[in-house]
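Worksheet: one structure, shown below.
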Amino acid sequence: MKIIIPVFESRISPRFDCAPGFRLYEMEGDRITVIREISCDGWNDMDRVSRLTGLGIDTLICGGIPDYLLGMLTNNGIKVIPWVAGDTSEVLAVFLQGRLDSGTVICAGRKRRRCKREIKVRD
């Protein structure tokens with residue numbers, strides 16, 4: 001499985017379409033086998049969609065994302081968990097436990113909480 005997270009320093013970037021880079025995690029079973037940093041400097045929105053699709057990404061965990069990009073990614077077979085905030089390693093740990101939902105906010109020293117936001121995927 002390949003999981004990708006748009007990053008800003010050690011946290012999930014607040015916006016998918018403005019993130020300076022991605023952190024790619026490749027998994028075998030419940031084990032992380034590869035962690036790779038990917039710069040997306042100069043990429044436009046279509047570059048982001050086509051490159052994530054080309055990498056064979058299974059799941060994208062991100063902060064804010066425009067509806068049209070959400071639709072394009074899901075239509076290309078990428079599961080998107082949007083509106084997530086927090087440190088990438090903590091968010092990934094919650095995801096691997098099967099407890100990460102859209103709108104999850106993870107703050108150091110606090111319990112996980114969920115912000116409600118209606119997600120609409122357009123065909």
Next item on the list: Answer yes or no: are there more than 12 heavy-atom neighbours, outside Asn44 itself, under 6.0 Å from its atom CG?
Entry: yes

Note to self: I'd like to know if the side chain of Asp101 and the backbone of Thr104 have a donor-acceptor N/O pair within less than 3.5 Å.
What the structure shows: no

Checklist line | By side chain to side chain donor-acceptor pair (under 3.5 Å) - contacts of Thr53 (at least two apart) | finding: none

Next item on the list: Name all residues meeting the salt bridge (Lys or Arg N to Asp or Glu O under 4.0 Å) criterion together with Arg15; count only those two or more places apart in sequence or in a different chain, and write none if there are none.
Entry: Asp17

Notebook entry, point to check: If you take all heavy atoms of Pro6 and Ala19, which pair is closest and at what distance?
Noted result: CB-CB, 3.5 Å

Notebook entry, point to check: Taking only residues two or more places apart in sequence, or in another chain, which ones meet Ser13 in a side chain to side chain donor-acceptor pair (under 3.5 Å)?
Noted result: none

Checklist line | Single-linkage hydrophobic cluster Ile5~Val34, side-chain heavy atoms < 4.5 angstrom | finding: no

Check: Taking only residues at least two apart or on different chains, which pairs with a member in residues 5-43 satisfy ring pair (Phe, Tyr, Trp, His ring centres under 6.0 Å)?
Finding: Phe16-Phe22

Margin query: Could you go through Ile65 and Leu73, starting from their C-alpha distance and side-chain angles, then the distance that decides it, and tell me whether this counts as side chain to side chain contact (heavy atoms under 4.5 Å, CB included)?
Written below: CA-CA 11 Å; Ile65 184 169; Leu73 290 161; 3.7 Å; yes

Margin query: So, taking the atom named CD1 in Ile106 and the one named OG1 in Thr88, what distance separates them when rounded to the nearest 0.5 Å?
Written below: 10.5 Å

Next item on the list: Kindly compute the distance separating CD1 (Ile4) from CG (Leu24), expressed to the nearest 0.5 Å.
Entry: 5.0 Å

Item checked: Sequence-distant partners of Glu37, side-chain contact (heavy atoms from CB on, under 4.5 Å), two or more places apart -> Val7, Arg23

Item checked: Pairing residues for Ser39 by the side-chain contact (heavy atoms from CB on, under 4.5 Å) criterion, not counting sequence neighbours -> Asp41

Check: Residues two or more places apart in sequence or in another chain: which of them pass side chain to side chain donor-acceptor pair (under 3.5 Å) with Arg48?
Finding: none

Check: Which value, rounded to the nearest 0.5 Å, describes the distance between Ile61 atom CD1 and Leu92 atom CG?
Finding: 6.0 Å

Margin query: Within the structure provided, determine whether Ile38 and Leu55 are in side-chain contact (heavy-atom separation under 4.5 Å).
Written below: yes

Checklist line | Spatial distance of atom NZ (Lys2) from atom CG (Asp58) [nearest 0.5 Å] | finding: 8.0 Å

Next item on the list: Starting at CD of Glu26, measure out to CZ of Arg36 and round the result to the nearest 0.5 Å.
Entry: 6.5 Å

Note to self: For Ile81, run the side-chain contact (heavy atoms from CB on, under 4.5 Å) check against Leu100, Val91, Ile3 and tell me which one passes.
What the structure shows: Leu100

Next item on the list: Find the distance between SG (Cys62) and CG (Leu70) and round it off to the nearest 0.5 Å.
Entry: 7.5 Å

Notebook entry, point to check: Tell me, do Leu96 and Asp30 make a side-chain contact under 4.5 Å, heavy atoms counted?
Noted result: no

Check: side chain to side chain donor-acceptor pair (under 3.5 Å) with Asn76: which residues, sequence neighbours excluded?
Finding: none

Next item on the list: Output all residues satisfying side-chain contact (heavy atoms from CB on, under 4.5 Å) with Glu9, sequence neighbours left out; order by chain, then residue number.
Entry: none

